[in-house]
Amino acid sequence: HKDEPFFLYLPYTIPHVAIEIPDAEVAAYKGLWDDPAYDGKKGYKPHPTPRAAYAAMVTRLDATVSKLVALLDELKIADNTLVI
């Protein structure tokens, strides 16, 4: 039914708190800048490297949206699709 209009609402929870991302993805960003541990005193889960983890979350979001856009291209519906 790719010729029929459709609506897809895809709300991502990243990047957002709580900072939760696999350690393997955080590793690429560890040590790139001063990244003091967050102790959890403001109501969110503690994290040893919150800035690196946040950067990893943004990278994951970007990769996921890129896959979606690639699929739209593959299905030849990208030209008639609005991605915000």
When rounded to the nearest 0.5 Å, the distance separating OG1 of Thr49 from CD1 of Ile21 is 11.0 Å
### Query
Mind checking whether Trp33 and Tyr29 have parallel, tilted or perpendicular rings, split at 30° and 60°?
tilted
In one Ile/Leu/Val/Met/Phe/Trp/Tyr side-chain cluster, 4.5 Å: Val69, Phe6
yes
### Task
Apply side chain to side chain contact (heavy atoms under 4.5 Å, CB included) to Thr64 and Ile14, showing your working.
CA-CA 11 Å; Thr64 303; Ile14 60 171; 5.8 Å; no
Closest heavy-atom pair, Glu25 versus Ala56, reported as atoms and distance to 0.1 Å, is O-CB, 3.4 Å
Hydrophobic clustering (ILVMFWY, side-chain heavy atoms < 4.5 Å, transitive) - are Ile19 and Tyr38 grouped together?
yes
Residues, nucleotides or ligands: over 12 heavy atoms within 6.0 Å of Asp39 CG: yes
Full working for side chain to side chain contact (heavy atoms under 4.5 Å, CB included) between Tyr12 and Val65: CA-CA 10 Å; Tyr12 288 96; Val65 172; 4.1 Å; yes
Report yes if the side chains of Pro36 and Arg51 come closer than 4.5 Å at any heavy-atom pair, otherwise no. yes
Shortest non-hydrogen pair, Met57 vs Glu20, comes out as SD-N, 4.2 Å
Item checked: OH/Tyr44: more than 12 non-hydrogen atoms of other groups inside 6.0 Å -> no
Smallest heavy-atom separation, Lys30 atom then Ala52 atom, equals N-CB, 4.0 Å
- State yes or no: do Leu71 and Leu61 share one hydrophobic cluster built from I, L, V, M, F, W and Y residues joined by side-chain heavy-atom distances below 4.5 Å, directly or via other members? yes
To the nearest 0.5 Å, atom CG of Asp73 lies from atom CG of Leu68 at 10.0 Å
All heavy atoms of Pro50 vs all of Ala37, minimum pair found to be CD-CA, 4.1 Å
